[in-house]
Number of protein chains: 2
Amino acid sequence: MTAPAHGQEVVPKFRGPATTAPLGVELSERETPVHPDTRRRAPAAHVTLDAVAREAGVSLATASRALNGTTRVRDDLRGRVRAAADLLGYIPNAHAQALASAEGNRTVGLICHDVGDPYFAGIASGVMRAAAEQDLLVMLASTFREPAREIAYVSMLRAQRARAILLIGSGFQDRAWERGMDTELEPYVRAGGRVAVVSRHRSMRVDTVQPENRAGAAALAASLVELGHRDFAVLSGPPELTTVADRLAGFREGLAAAGITLRRVVRGAFTREGGHAAARQLLATGGARPTCVFAVTDVMAVGALAALREAGVRVPEDMSLAGFDDIPVVREVSPPLTTVALPLTEMGEQVIALALRTPSGAGRSRVLRIEGNVVLRGSTGAPPGS
Amino acid sequence: MTAPAHGQEVVPKFRGPATTAPLGVELSERETPVHPDTRRRAPAAHVTLDAVAREAGVSLATASRALNGTTRVRDDLRGRVRAAADLLGYIPNAHAQALASAEGNRTVGLICHDVGDPYFAGIASGVMRAAAEQDLLVMLASTFREPAREIAYVSMLRAQRARAILLIGSGFQDRAWERGMDTELEPYVRAGGRVAVVSRHRSMRVDTVQPENRAGAAALAASLVELGHRDFAVLSGPPELTTVADRLAGFREGLAAAGITLRRVVRGAFTREGGHAAARQLLATGGARPTCVFAVTDVMAVGALAALREAGVRVPEDMSLAGFDDIPVVREVSPPLTTVALPLTEMGEQVIALALRTPSGAGRSRVLRIEGNVVLRGSTGAPPGS
DNA sequence: GCGCTTTCAGAAAGCGCTTTCTGGTAAGGT
DNA sequence: ACCTTACCAGAAAGCGCTTTCTGAAAGCGC
């Protein structure tokens with residue numbers, strides 16, 4: 001038995017089929033004895049502060065103060081309240097707290113395309129870390145790139161009275177979406193809600209963490225030109241996303257600075273498969289092949305790399321390939337991908353910090369520009385025959 | 001200029017340094033004109049239902065009914081209420097709603113280690129998709145593998161009165177943690193809260209989506225033995241995680257069935273770097289090298305692959321390598337990794353479905369067993385010299 | 001035309017908390 | 001011994017909704 005060829009998968013015959021379809025079959029129930037320690041006093045539905053106060057023999061108000069410690073409470077009373085709360089297993093009702101106090105709740109909303117995408121996962125990870133430090137809970141909403149869903153989620157997060165709403169990778173060039181967002185966000189901000197965005201927004205009302213997509217792509221183009229390339233193609237994504245438009249425009253600018261015109265742009269979905277398909281399409285067309293290909297995201301670049309490999313195109317000997325973002329996977333592929341590195345985790349930390357900062361005053365918003373670093377790796381080299 | 005060697009990174013000199021440190025420098029403010037459309041009537045703080053009712057000339061109760069549509073309301077009144085709500089930009093207060101209604105809120109809690117980890121990201125993605133379909137908001141909490149933090153988050157989610165609490169990759173073999181979880185979860189479940197877990201739990205009180213780690217690892221071992229290997233090493237993770245313990249035990253069993261004893265176990269952190277370090281450590285030790293290495297997770301396997309490459313060990317010619325989970329990246333590396341595939345997204349969908357299902361009755365809990373599929377890819381082959 | 005049911009709007013009672021406001025008690029000043 | 005401060009516990013008023021309960025008006029059969 002030899003190793004399967006690259007890309008080929010072998011499922012050994014002695015294993016059953018994937019269990020992914022009739023999962024219900026595997027469902028089983030089991031008896032669970034009650035842990036003796038846990039029995040204590042059985043709360044009917046939810047233990048209320050009122051019950052705690054009664055148990056401790058104090059008033060409702062005292063119980064509240066004893067547990068939150070805003071005002072002074074005599075030590076013995078505080079002790080009694082704490083003990084009663086422990087005994088009864090009291091858990092405050094966050095809704096009631098949020099409603100009664102001016103403080104509001106300790107949650108922030110995070111809207112992104114899909115946590116399964118490494119770009120968002122990276123940013124989200126940074127947001128989570130910062131949130132954890134401040135004891136904030138993050139309400140996550142995945143839009144799957146539907147502008148309408150995004151607006152609906154903003155509305156839901158408004159209803160939840162989130163302290164801040166974070167939008168990652170938002171930014172459609174879509175009139176209806178812009179209007180919708182404006183009407184959602186404007187009253188929210190006015191009512192003290194904070195909003196911060198990763199990506200360029202035409203609406204200038206909110207704080208923004210803005211990767212320098214344009215400059216980064218231009219710098220990448222310059223680097224690639226310096227390697228000797230003259231003949232480029234771009235694997236692009238949906239043009240209604242500002243990220244895509246900016247990177248494409250920046251790349252064109254970078255080339256133009258060297259007097260080079262971009263030969264081909266192939267559009268694909270914003271996914272690995274999109275990059276794969278776009279690369280295949282590029283190869284399928286006749287004519288001289290470009291010596292260097294720029295995929296507007298690393299996710300697409302990874303797909304493109306696979307397509308090139310499958311087509312027998314050697315990277316970088318036959319063709320150079322570069323991406324954008326520097327998601328972790330690009331260091332693992334062979335050859336590792338040249339890309340424009342963005343500090344994803346930090347962008348996540350920054351966007352929540354920006355949102356939570358004191359409001360910037362009426363009509364003002366802050367822009368935090370994040371510069372990308374061109375990182376040359378093994379996927380780019382001199383053009384063939386040079 | 002030639003292509004940099006594999007793994008080497010070159011930052012072109014004409015780019016500035018990484019902007020990751022003094023980000024504040026890039027902060028700028030800008031004036032933002034108010035969109036004329038958005039001006040409408042400016043709500044002072046928050047528009048309440050009371051204001052809507054007054055605007056529509058109906059009572060508070062009628063306004064509530066008109067918007068929620070539980071009871072019949074005359075069409076003209078309903079129209080007036082809707083119009084008033086639109087005009088004022090009314091957004092219901094979810095806290096007040098949750099407090100007043102028996103329904104509670106539409107949120108579920110999701111506790112995981114780190115969304116940046118592709119294993120969790122995959123599962124979380126499935127959870128998000130299912131949640132979106134049911135108009136549920138997901139409150140995400142990252143524990144960064146601290147048992148104490150995990151317990152604290154359960155408490156916070158209880159306070160938020162989440163409909164369900166989902167624990168992914170939980171399952172420590174830790175007495176204090178078990179007790180803590182039990183005392184948190186038990187009253188929660190009793191009060192109607194749902195809990196579901198991905199991973200094995202000793203506490204049998206909650207519904208579980210349980211990957212067959214043991215059987216999967218055993219099957220993998222059998223496959224590798226069939227390839228001709230006799231001499232194995234395992235790159236293991238923290239033994240207090242049940243996932244690690246089960247996979248290690250299963251692998252041993254699979255070998256034992258063929259009369260083979262596991263030669264070496266190297267322990268590492270549950271990360272790419274952990275896998276990298278463990279692999280280096282394995283190579284550093286003298287004596288005969290194993291012909292096949294099993295890393296207990298794909299994340300570690302990816303790190304190990306890099307370490308092997310750096311050490312000049314060819315995979316699979318000199319040494320075979322296998323992982324577990326089938327995270328997306330393992331298909332992109334060269335050679336692609338043999339692994340035990342788990343349907344991550346689906347596991348996410350199942351765990352939330354399980355939690356939201358009607359309660360299984362007192363003292364009963366369900367177990368959904370997820371079988372893993374051994375997938376042989378290019379990283380495993382016949383042992384050298386066979 | 002009278003009493004019946006039916007339909008639907010409004011009043012009001014909470015949901016579980018925070019937070020003022022009030023008042024009682026002990027400590028301190030003269 | 002009397003009055004002032006300080007301190008701190010309790011009563012009560014909401015926070016913004018849902019949901020019973022009540023009652024007015026309308027529809028119907030006789």
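Looking at B:S142 and B:D114, their side chains never bring a donor and an acceptor atom within 3.5 Å of each other. A donor atom on one side chain and an acceptor atom on the other are not found under 3.5 Å apart for A:S365 and A:D207.
Paired with A:H95 under the rule side chain to side chain donor-acceptor pair (under 3.5 Å), one option of B:R161, B:H95, B:Q160 passes, and it is B:H95.
The interatomic distance linking A:N93 (CG) with D:dC15 (P) rounds to 18 Å, in whole Å. Between the C1' atom of D:dC15 and the NE2 atom of B:H46 lies a distance of 12 Å, rounded to the nearest Å. Residue B:Q97 contributes atom CD, which lies 18 Å from atom P of C:dC15 at whole-angstrom precision. Counting to the nearest Å, the P atom of D:dC15 and the CD atom of A:E103 are 17 Å from each other. In this structure, the CG atom of B:L99 is 12 Å from the P atom of C:dT18, given to the nearest Å. With rounding to whole Å, A:N105 atom CG is found 14 Å from C:dT18 atom P. If you measure from atom NE2 of B:H95 to atom C1' of D:dC17, you get 12 Å, rounded to the nearest angstrom. The nearest whole Å value for the distance from the CD atom in B:Q160 to the C1' atom in C:dG16 is 14 Å.
Nearest nucleotide to the A:S101 side chain, out of D:dG16, C:dT18, C:dC17: C:dT18.
The closest donor-acceptor contact from the side chain of B:R106 to the backbone of B:L137 lies at 3.5 Å or more, if one exists at all. A donor-acceptor contact shorter than 3.5 Å is absent between the side chain of A:S199 and the backbone of A:V197. Between the A:R129 side chain and the A:E349 main chain, no donor and acceptor come within less than 3.5 Å of each other.
Between A:N68 and C:dT18 there is a side-chain polar atom (N or O) within less than 4.0 angstrom of OP1 or OP2.
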Using the 3.5 Å cut-off, write out each protein N or O paired with an N or O of nucleotides 6-12 of chain D and the distance between them.
{"unit_1": "D:dA9", "atom_1": "OP1", "unit_2": "A:R74", "atom_2": "N", "d": "2.9"}
{"unit_1": "D:dG10", "atom_1": "OP2", "unit_2": "A:S59", "atom_2": "N", "d": "2.9"}
{"unit_1": "D:dG10", "atom_1": "OP2", "unit_2": "A:S59", "atom_2": "OG", "d": "3.3"}
{"unit_1": "D:dG10", "atom_1": "OP2", "unit_2": "A:T62", "atom_2": "OG1", "d": "2.9"}
{"unit_1": "D:dG10", "atom_1": "N7", "unit_2": "A:R65", "atom_2": "NH2", "d": "2.8"}
{"unit_1": "D:dG10", "atom_1": "O6", "unit_2": "A:R65", "atom_2": "NH1", "d": "3.2"}
{"unit_1": "D:dG10", "atom_1": "O6", "unit_2": "A:R65", "atom_2": "NH2", "d": "3.4"}

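At the heavy-atom level, B:S64 lies under 4.0 Å from base atoms of the strands shown.
Judged by Watson-Crick or G-U wobble contacts below 3.5 Å, the nucleotide D:dC30 has C:dG1 as its partner.
Using bins of under 30°, 30° to 60° and over 60° for the plane-to-plane angle, the ring pair B:H113/B:F144 lands in the perpendicular bin.
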